[in-house]
Amino acid sequence: MSLAVYLLCAGRGDRLRPLTERIAKPALTFLGKSALEINKFAIETLAPSRWLANTHHLPEQVGDLARRLGVDTVHEPEILGSGGCLANAAPMLGECETFLVHNADLIHTVDLADLYKRHQSSGALATLAGVFRPAHNTLSCAEGGRLLGVHGYREFDHRIEIARLTFAGIAFYERDFLRHVGAGPEDIKPYWIRALESGGLIHVEHCDDAQWHDFGTPQGLWDAAKFMMEATGEFNYNYHPLLSEPKPYVDNEAGQDDLPDLLRNVLVCEETPVPVPFGTKNCVLGRDFKWNIRP
């Protein structure tokens, strides 16, 4: 079965301004590797036959990065959202029987091979990865993971709801799903509802045994960076793993060479115009910002 991959890279990253005025979210790095590269590496085990990424914000930067990774791009002069982008890429996605749509602003350990296998065996038109995040749980699921509807959109009968989950920004679709999408800016959720109302089966897989970080906010950016340091055991600061002191969790993505001692829980995204103070902790730093975070 042929598989296409569509990496969503068009977002402006409004909640990470001013950092994302200079660096697009897919180009943000974790231990020296861009988010786009990290996600492409995770997906490569599926052996896709087609790679695509959409562009809008900082398109030259994202396009150059995608080309270096062997990913074709489809540009959106007007940002089309998580649903409208499918219509824009439909001719290319439709070349394959199945396609994976994957947000590029994620760092996670979701078992994509298992998710793909479950999608193939389910007979579903779409299989969505879901995580439990109470503040954002809108996917209403019946027994067996069948999607009933989406809270906050069209009314539906949720009396047999047994779980409510958050969409994780990862989904497998069959080619036939494209007949439910429309042109123009739109979220993906109305297209799910349209498919359900046409009798299509949409399945939700609960992936809460995986680590999952959406780095669209300063806190999410820090959480993803800390997870990468912990998962890989790699630190680019004064940490000596054979000694007994606690890990400092300092990620020097900027390669700034004058960082002082006794930093803790600090992500340096860009070269700072003034020296980082001795003992700085619990923050994300850039050229013109300092964001406080929970360690």
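Only this structure's heavy atoms are used, side chains among them; waters, hydrogens and symmetry mates stay out. What you see is a predicted model, and the numbers here were worked out from it, not measured in a lab.
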Subject >> Close side-chain approach of Asp251 and Met228, heavy atoms under 4.5 Å >> reply: no

Original post:
In terms of side-chain geometry, is the basic nitrogen of Lys226 or Asp223 positioned less than 4.0 Å from the acidic oxygen of its partner?
Top reply: no

Original post:
Going by heavy atoms in the side chains, are Phe41 and Glu44 under 4.5 Å from each other?
Top reply: yes

Subject >> Plane angle bin for His119 and Phe172 - parallel if under 30°, tilted between 30 and 60°, otherwise perpendicular >> reply: parallel

**OP:** Evaluate the criterion side chain to side chain contact (heavy atoms under 4.5 Å, CB included) for residue pair Asp214 and Arg133; output intermediate values, then yes/no.
**Re:** CA-CA 12 Å; Asp214 176 341; Arg133 300 292 185 274; over 6 Å; no

Original post:
Going through the checks in order, is the side chain to side chain contact (heavy atoms under 4.5 Å, CB included) test met by Ile188 and Tyr173?
Top reply: CA-CA 12 Å; Ile188 188 62; Tyr173 297 93; 3.6 Å; yes

**OP:** Check step by step if side chain to side chain contact (heavy atoms under 4.5 Å, CB included) holds for Leu93 and Leu52.
**Re:** CA-CA 8 Å; Leu93 296 175; Leu52 291 172; 3.8 Å; yes

Original post:
Do Glu253 and Leu28 touch side chain to side chain, with heavy atoms closer than 4.5 Å?
Top reply: no

Original post:
If you group Ile, Leu, Val, Met, Phe, Trp and Tyr by side-chain heavy-atom gaps below 4.5 Å, do Leu165 and Ile162 land in one group?
Top reply: no

Subject >> Residues Asp114 and Lys117 bridged, charged N to O under 4.0 Å >> reply: no

**OP:** Take the angle between the ring planes of Trp291 and Phe289 and call it parallel below 30°, perpendicular above 60°, tilted in between.
**Re:** parallel

Original post:
Can you find a pair of side-chain heavy atoms, one from Asp208 and one from Val131, that are under 4.5 Å apart?
Top reply: yes

**OP:** Answer whether the closest heavy-atom distance between the side chains of Phe30 and Phe215 falls below 4.5 Å.
**Re:** yes

Original post:
Are Trp51 and Ile43 side-chain neighbours, meaning at least one heavy-atom pair lies under 4.5 Å?
Top reply: yes

**OP:** Report yes if some heavy atom in the side chain of Thr20 is under 4.5 Å from a heavy atom in the side chain of Lys25; otherwise report no.
**Re:** yes

Original post:
How far apart are the C-alpha atoms of Gln256 and Thr272, what are their side-chain angles, what is the distance that settles it, and do they pass the side-chain hydrogen bond (donor to acceptor under 3.5 Å, both in side chains) test?
Top reply: CA-CA 8 Å; Gln256 189 156 326; Thr272 59; 2.9 Å; yes

Original post:
Phe156 versus Ile193: any side-chain heavy-atom pair under 4.5 Å?
Top reply: no

Original post:
Does Arg68 pair with Glu37 as a salt bridge, N-O distance under 4.0 Å?
Top reply: no

Subject >> CA sep, side-chain torsions, deciding dist, call: Asp176, Leu125, side chain to side chain contact (heavy atoms under 4.5 Å, CB included) >> reply: CA-CA 7 Å; Asp176 194 45; Leu125 189 62; 3.9 Å; yes

